[in-house]
There are 2 protein chains.
Amino acid sequence: MSNKLKVIPLGGLHEIGKNMTLLEYDDEIIIIDCGLTFPDDEMLGIDVVIPDFTYLKKKASKIKGVFLTHGHEDHIGALPYFLKQFEAPIYGLRLTLGLVELKLQEHQVMDRTELNVVKPGDVIHLKNFDVEFIRVSHSIPDAAALHIKTPYGSIVHTGDFKIDYTPIDGCLIDLNRFAELGRDGVTLLLADSTNVDRKGFTMSESTVGTTFDNIFRNHQDKRIFVASFASNVHRIQQIVHSCHLFNRKIAFSGRSMVNVTKVAMELGYLKVPENMIVDLFDIDKYPDNELVIVTTGSQGEPMAALSRMSKGEHRQLSLQPNDLVIISATPIPGNEKSVKKVIDKILQLGANVIYESLADVHVSGHAKEEELKLIHTLIKPKYFAPVHGEYTHLTHHGLLAESLGKSKSEVFIMENGKGLEIDDEGIRFTKKVPSGRTLIDGLGIGDVGNIVLRDRRILSQDGLMVVVLAIERESGKIVSGPEIISRGFVYVREAEDLFVDARNTLCHALSELEKDNVTEWATIKNTIRDTLKTFLYQETRRNPMILPIIMDV
Amino acid sequence: MSNKLKVIPLGGLHEIGKNMTLLEYDDEIIIIDCGLTFPDDEMLGIDVVIPDFTYLKKKASKIKGVFLTHGHEDHIGALPYFLKQFEAPIYGLRLTLGLVELKLQEHQVMDRTELNVVKPGDVIHLKNFDVEFIRVSHSIPDAAALHIKTPYGSIVHTGDFKIDYTPIDGCLIDLNRFAELGRDGVTLLLADSTNVDRKGFTMSESTVGTTFDNIFRNHQDKRIFVASFASNVHRIQQIVHSCHLFNRKIAFSGRSMVNVTKVAMELGYLKVPENMIVDLFDIDKYPDNELVIVTTGSQGEPMAALSRMSKGEHRQLSLQPNDLVIISATPIPGNEKSVKKVIDKILQLGANVIYESLADVHVSGHAKEEELKLIHTLIKPKYFAPVHGEYTHLTHHGLLAESLGKSKSEVFIMENGKGLEIDDEGIRFTKKVPSGRTLIDGLGIGDVGNIVLRDRRILSQDGLMVVVLAIERESGKIVSGPEIISRGFVYVREAEDLFVDARNTLCHALSELEKDNVTEWATIKNTIRDTLKTFLYQETRRNPMILPIIMDV
């Protein structure tokens, strides 16, 4: 075998989200997950961020399949964009592909796509790869790890996982299969690092159900709202269970909540007694103590249903003093302040709020330290490369592996684009291949880059000032202007003096140019820019964007 | 007595920061604190936010003094702006006024200001008010509560406080004085609510010193960086102590760190052994194990020294694998993600980081639940109004007072602008007076309002498109243009087709207008705006600001 096996992450390393890893051998490439992430604060106006697919462009014909570990956005969200450029069969468990279908229909790329539903234990056979799906626990049903047989031995990718001994759907993580693989020998383990810096063991999802029951019992006269991730079907199943116990109807609020619960019910993952579900438009027909509304917005997202309710801007729902809101989620880093704001607004409306720090209304979907130790110990891989996490998480996970007996030379902290290659000689880092981020803004894929973002940042800080001149083509003389128009700079009506002074300063500079017979547009524009910049900074300590425009007439 | 005593908060309620409360009786107004806060995410381009002083404008001559509880920005930061509009003597303990002086000099308003240094126990006598300073513990030396004798009895304002039985400067909170006041009778208590939702008792500042000693002991070969708030003089004193124990020199990095430590040393609050301090420019002369660098940037602020080091952009300091960085602070809500980013970057440079979740390198400066219970119990006021906090904190604090025996009618949740009035008849809420926020942007005070912010937001999301036409004055005919210029919208070089199509669409719409002999500029501008908006949304799903400009020639 002269070929190398390459393992190349295109996303998910040194970051949370847009997970995507590819395995390449000879003329075959398989892709594990194809996720998106949400923009940082500095990516102004960007909707979502996906991996850079450049590396795959010249190798499109090699792609033999995309294997999805589960149906979260950070694992499937980039698929529609991927499928606009590439063709490949998609493999995943049933709910995963149900959610993918929803997404592909929205993006109108469903027709051209082959979706292959597999079951845990199924193996997809390719020329160089055999891919096996292994059930794991996570905060969405049908989460899987992947076991891939390659010409250089077995690779296990855990996907996102936790270990839940009492899952509410009875579908246990297949620890026995991991044990078998460990016995037979695994060359490389790629494992989820999200919660590696948390001690102990993540509680079972079922503990949340007990909390819900208690809260429902203690608030029997209240109308109850529960905010949760739409994809957390187990969580919603438990809310349904509490509704059943306490004779309440349930309504779903928020587009993704309505869509995902519909798919989950159709596919049998969410079981709701007949007549329990009521439409949002009908909730006024039921007294407070017979209603539960399950809603999006647990992250304080400004456009989600819960935020709109908290601001009194929701069309069907208005929060009242007899309402209890349970926020059944924990803020993703960066969302802490928005969530707090929503809680504050709800309290101001007189309603009550229960959130994670007040009661056990949420558990994580990711394995903590002790769970990771168990997986490492069962699989006992020859080499280990942590995935899914910031650099901090990856290094912690590396140290965890070392604490279990791995040597430094057996642990590899990869980067996006810089993966591993394995051959008869051993294992080593690859050279860095194109990777990075592609920004999605509206319909544009990658048409917003650093220059556009820089301009947006400048505009967002101090606004802009447009200066227009009309110059006669033959004579080069100014025949109209300079006109000054500003936006986002200062409240114009109260700054008339400033604008008069700015115009006078400009006219003076332009007449100096005229004296010197300068007619080059570039020089005129630079003079406008420099003169105005200096003047405005001196007067206001602000640096708006200055946009000189010359019309020839 | 026919007059009412009014207690009016102009800031600090339903928010964290810009604390300012005034007491008004007859022809006298006294002001407690005059702080700033930092802008929310949506206040694009804003530097700081201060209270709205409108209510005071017509009452300027009544203002008899500003009484400062301590020297943090959220209590003194708005003073320079206040003093540009009003004249009033300032009262405060020594370090507080040392920091005020620094600030007033920067803003060049020191000349016109009278600063009166007082000591704990001192009383300032006015016609209707006697104001007494009482020592409390906080994360800055010289923090005080205020006891104000009024025509309607005593009012106690705690300022920011905690209870520290073992303060590192030996200056104990004067619990005995609070006990005396309680015995003699207090009409109204205004108390800090920042930590009311945390159970237990805030640890003593001195516990952090023990942690520092242990860390220094276990990292004797490393160069050590400590990031902390510049104003946390106690913290810095303890770092100095550990430096002394382990024979290290100390250097200060960051403008505010250098300035504040200088003032604190001059005034005797920070005691550093001779020859311990070295200049940042000289640190290369010392081996790693003999150096500690105390730096700003504990909140992940992008321009602070630590952030610049983490990005390799600091002129004097570059982090290396033999460096240990201690982040001796906790992220203020909203800063969690920036702090995590900085930690991640430092780890990538190979240096080590210790932060709060890894070791006890920080304690809060605010009283938790049990401390608040003690203060309420000692002071046993007739009425209680919580201050300093979001609505959530204020209501929690109200419930805490009720749990100690207050009735609902004795607890008042005020708002900014809506305070209390007390007279012979009793106590009640005032009508709401002008309050709110004044935005500071560069030299502009309040010249950025909702319109400017809205424009900045639109510009930040999708950029702008300027359309310029030249129209002949007499004929009303278009003689040049439409010219289209965009910024922050799309990378122009790769979107030439889009611009050609946009221009064609515009030309078509304009020629329709010409056919109909429409020459009103307003109609032409509206047509440009609507046509382009529809076209661009259809093509890109983006909504840039569209700015039509007509030049007449």
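Sequence lines set the chain letters: A, B, ... in the order given, protein chains first and strands last, and positions in each chain run from 1.
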**Student:** Taking atom NZ of Lys477(B) as the centre, report whether more than 12 heavy atoms of other residues, nucleotides or ligands fall under 6.0 Å from it.
**Tutor:**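 Not buried by this count: 12 neighbours or fewer within 6.0 Å.
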**Student:** Does a side-chain heavy-atom distance below 4.5 Å link Val448(A) with Val490(B)?
**Tutor:**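 No, their side chains stay 4.5 Å or more apart.
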**Student:** Leu547(B) versus chain A, heavy atoms under 4.5 Å apart: side chain, backbone, both or neither?
**Tutor:**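 Only the side chain of Leu547(B) comes within 4.5 Å of chain A.
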**Student:** Looking at Ile46(A), Asp441(A), Thr392(A), Asn335(A), which one has more heavy-atom pairs under 4.5 Å with chain B than the rest?
**Tutor:**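 Most heavy-atom pairs within the cutoff with chain B belong to Asp441(A).
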**Student:** So which heavy atom on Pro333(A) is nearest to which on Lys340(B), and how close?
**Tutor:**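 Looks like CG-NZ, 3.6 Å.
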**Student:** Let's test your reading of the structure: which of Ile346(B), Ile458(B), Asp40(B), Asn543(B) forms the most heavy-atom pairs below 4.5 Å with chain A?
**Tutor:**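 The answer is Asp40(B).
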**Student:** So which residue, Arg456(A), Gln348(A), Arg454(A), ends up with the most heavy-atom pairs under 4.5 Å with chain B?
**Tutor:**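 Top option by heavy-atom pairs under 4.5 Å: Arg456(A).
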**Student:** Taking all non-hydrogen atoms of both residues into account, name the closest pair between Leu459(B) and Arg487(A) and its distance.
**Tutor:**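 It is CD1-O, 4.0 Å.
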**Student:** Restricting to non-hydrogen atoms, name the atom on Leu443(B) and the atom on Glu539(A) that form the minimum distance, rounded to 0.1 Å.
**Tutor:**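 Where Leu443(B) meets Glu539(A) most closely, the heavy atoms are CD1-O, 3.5 Å.
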**Student:** Are the charged groups of Arg541(B) and Asp47(A) less than 4.0 angstrom apart, N to O?
**Tutor:**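 No.
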**Student:** Measure distances from Glu42(A) to the heavy atoms of chain B and classify the residue's part below 4.5 Å as side chain, backbone, both or neither.
**Tutor:**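 For Glu42(A), the side chain is the part near chain B, not the backbone.
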**Student:** At a 4.5 Å cut-off on heavy atoms, which part of Ile485(B) comes close to chain A: side chain, backbone, both, or neither?
**Tutor:**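 The side chain, not the backbone.
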**Student:** Closest approach of Ile451(A) and Tyr491(B), non-hydrogen atoms and distance?
**Tutor:**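 Heavy-atom minimum between the residues: CD1-CE1, 3.5 Å.
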**Student:** Would you please test Arg542(B) and Asp447(A) for salt bridge (charged side-chain N to carboxylate O under 4.0 Å, His left out) and show each step?
**Tutor:** CA-CA 12 Å; Arg542(B) 296 182 202 167; Asp447(A) 64 348; 2.6 Å; yes
**Student:** At a heavy-atom separation under 4.5 Å, does Val468(B) approach chain A through its side chain, its backbone, both, or neither?
**Tutor:**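 For Val468(B), heavy atoms of backbone and side chain both lie under 4.5 Å from chain A.
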**Student:** Can you tell me which portion of Phe489(A) sits under 4.5 Å from chain B's heavy atoms? Options are side chain, backbone, both or neither.
**Tutor:**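 The backbone, not the side chain.
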**Student:** Output the distance between atom OG (Ser460(B)) and atom CZ (Arg457(A)), rounded to the nearest 0.5 Å.
**Tutor:**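 It is 12.0 Å, given to the nearest 0.5 Å.
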**Student:** Out of Gly442(B), Gly488(B), Ala495(B), which one racks up the most heavy-atom pairs below 4.5 Å with chain A?
**Tutor:**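 Of the options given, most contacts go to Gly488(B).
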**Student:** Give me the atom names and distance for the closest heavy-atom approach of Asp552(B) to Ser480(A).
**Tutor:**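 Looking at all heavy atoms of both residues, the closest pair is O-OG, 3.0 Å.
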**Student:** Can you tell me how far apart CD (Glu390(A)) and CG (Leu347(B)) are? Round to the nearest 0.5 Å.
**Tutor:**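 Separation between the atoms: 10.5 Å.
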**Student:** Side chain, backbone, both or neither: which part of Lys345(A) has a heavy atom under 4.5 Å from chain B?
**Tutor:**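 Contact with chain B involves no heavy atom of Lys345(A) at all.
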**Student:** Inspect the surroundings of NZ in Lys311(A) and state if more than 12 heavy atoms from other residues, nucleotides or ligands are less than 6.0 Å away.
**Tutor:**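 Enclosed.
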**Student:** Against chain B, work out which of Leu464(A), Ile413(A), Val479(A) has the most heavy-atom pairs shorter than 4.5 Å and name it.
**Tutor:**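 Sorted descending by pairs with chain B, the first entry is Leu464(A).
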**Student:** Is any NZ, NE, NH1 or NH2 atom of the basic residue among Lys337(B) and Asp41(A) found under 4.0 Å from an Asp or Glu carboxylate oxygen of the other?
**Tutor:**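 Answer for the salt bridge query: no.
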**Student:** Mind checking the OG1-CG spacing from Thr395(A) to Asn352(B)? Nearest 0.5 Å is all I need.
**Tutor:**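 If we round to the nearest 0.5 Å, Thr395(A):OG1 and Asn352(B):CG are 9.5 Å apart.
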**Student:** Using a 4.5 Å cut-off on heavy atoms from C-beta on, say whether the side chain of Met551(B) contacts that of Leu469(A).
**Tutor:**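 Heavy-atom side-chain distance check fails, nothing below 4.5 Å.
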